[in-house]
Amino acid sequence: MRQPGRYSGFMMHGGISGRTGPHSLPLARIKKIMKKSGEDVKMISGEAPIVFSKACELFIEELTRRSWMTTLEGKRRTLHKDDVASAVVGTDIFDFLVSLVSDSCHSEDITPADKEALGGS
């Protein structure tokens, strides 16, 4: 079996600057979403999707932490969609997501474009 060498360790710790390297979220997908955000967005630097990737990771971590608290309050060990909805509704900084998770927004009301934006199929 091949042992991790110098190159593997170099890449796993973020390359030369510590800011590049493997990312949890696909940078090409982030760049595609950024370009679709408006007709005026034409050129995107290579660093911008990296910043967005990290911001998305932090956003997901925070929303998950708050959702997990709701899960524990319900004495469960599996995080459900309703836990995420409760975290969104109960946190002011997530107000922009309330219409997405509210009871009035049924899954049949979500457009194909919304599903694509959410990463669904």
Side-chain angles (χ1 to χ4, degrees):
M1 177 181 269
R2 183 174 174 219
Q3 296 296 317
R6 204 170 110 166
Y7 181 75
S8 300
F10 173 76
M11 291 307 292
M12 292 303 290
H13 296 297
I16 296 170
S17 68
R19 294 186 182 138
T20 60
H23 300 282
S24 298
L25 301 172
L27 297 180
R29 178 74 174 124
I30 292 170
K31 193 169 185 177
K32 184 178 178 181
I33 293 168
M34 290 171 72
K35 283 187 175 183
K36 288 186 349 181
S37 68
E39 291 179 17
D40 296 337
V41 180
K42 298 197 187 321
M43 299 293 290
I44 298 170
S45 74
E47 296 88 9
I50 294 170
V51 174
F52 272 81
S53 174
K54 186 60 179 177
C56 290
E57 288 176 31
L58 294 172
F59 170 75
I60 292 167
E61 287 173 9
E62 182 64 23
L63 184 55
T64 301
R65 266 193 287 278
R66 292 174 187 261
S67 301
W68 184 248
M69 286 188 244
T70 304
T71 301
L72 294 177
E73 287 172 7
K75 298 185 178 164
R76 290 179 283 106
R77 295 185 49 88
T78 303
L79 193 143
H80 296 285
K81 181 180 88 168
D82 293 340
D83 300 323
V84 177
S86 294
V88 167
V89 170
T91 308
D92 291 343
I93 60 172
F94 297 139
D95 281 350
F96 68 100
L97 295 173
V98 169
S99 63
L100 183 68
V101 299
S102 68
D103 291 336
S104 62
C105 182
H106 300 291
S107 61
E108 60 269 8
D109 294 337
I110 297 175
T111 67
D114 292 335
K115 286 182 183 179
E116 184 179 331
L118 293 171
S121 49

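Hydrogens, waters and symmetry mates are skipped; everything else that's a heavy atom, side chains included, is used.
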[X] and [Y]: which non-hydrogen atoms are nearest, and at how many Å?
{"X": "Pro49", "Y": "Leu27", "result": "O-CD2, 3.6 Å"}
{"X": "Val41", "Y": "Ser37", "result": "CG2-OG, 3.7 Å"}
{"X": "Ala48", "Y": "Ile44", "result": "CB-CG2, 3.8 Å"}

Self-check item: Val98 vs Val88 side-chain heavy atoms within contact, under 4.5 Å
Solution: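 They are in contact (side-chain heavy atoms under 4.5 Å apart), so the answer is yes.
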Quiz item: Are any non-hydrogen side-chain atoms of Lys35 and Lys32 less than 4.5 angstrom apart?
Solution: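 No - every pair of side-chain heavy atoms lies 4.5 Å or more apart.
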Enter the distance from [X]:[atom1] to [Y]:[atom2] here, rounded to the nearest 0.5 Å.
{"X": "Lys31", "Y": "Ser45", "atom1": "NZ", "atom2": "OG", "result": "8.0 Å"}
{"X": "Leu97", "Y": "Thr91", "atom1": "CG", "atom2": "OG1", "result": "10.0 Å"}
{"X": "Thr70", "Y": "Glu73", "atom1": "OG1", "atom2": "CD", "result": "5.5 Å"}
{"X": "Asp83", "Y": "Arg76", "atom1": "CG", "atom2": "CZ", "result": "4.0 Å"}
{"X": "Lys54", "Y": "Ser24", "atom1": "NZ", "atom2": "OG", "result": "8.0 Å"}
{"X": "Leu72", "Y": "Leu79", "atom1": "CG", "atom2": "CG", "result": "9.0 Å"}

Exercise. Name all pairs fulfilling the salt bridge (charged side-chain N to carboxylate O under 4.0 Å, His left out) condition that reach into residues 38-48, sequence neighbours left out, sorted by first residue then second.
Key: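 Checked against salt bridge (charged side-chain N to carboxylate O under 4.0 Å, His left out) - neighbours excluded - no pair reaches residues 38-48.
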Quiz item: Under 6.0 Å from the CZ atom of Arg77, do we count more than 12 heavy atoms belonging to anything else shown?
Solution: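 No - once you tally the heavy atoms of other residues, nucleotides and ligands closer than 6.0 Å, there are 12 at most.
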Quiz item: Partners of Phe94 by ring pair (Phe, Tyr, Trp, His ring centres under 6.0 Å), sequence neighbours excluded?
Solution: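 In terms of ring pair (Phe, Tyr, Trp, His ring centres under 6.0 Å), with neighbours along the sequence ignored, Phe94 is linked to Phe59.
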Verify the cluster assignment for [X] and [Y]: are they in a single hydrophobic cluster under the rule of side-chain heavy atoms below 4.5 Å apart?
{"X": "Met69", "Y": "Val89", "value": "no"}
{"X": "Ile93", "Y": "Leu58", "value": "no"}
{"X": "Ile33", "Y": "Val51", "value": "no"}

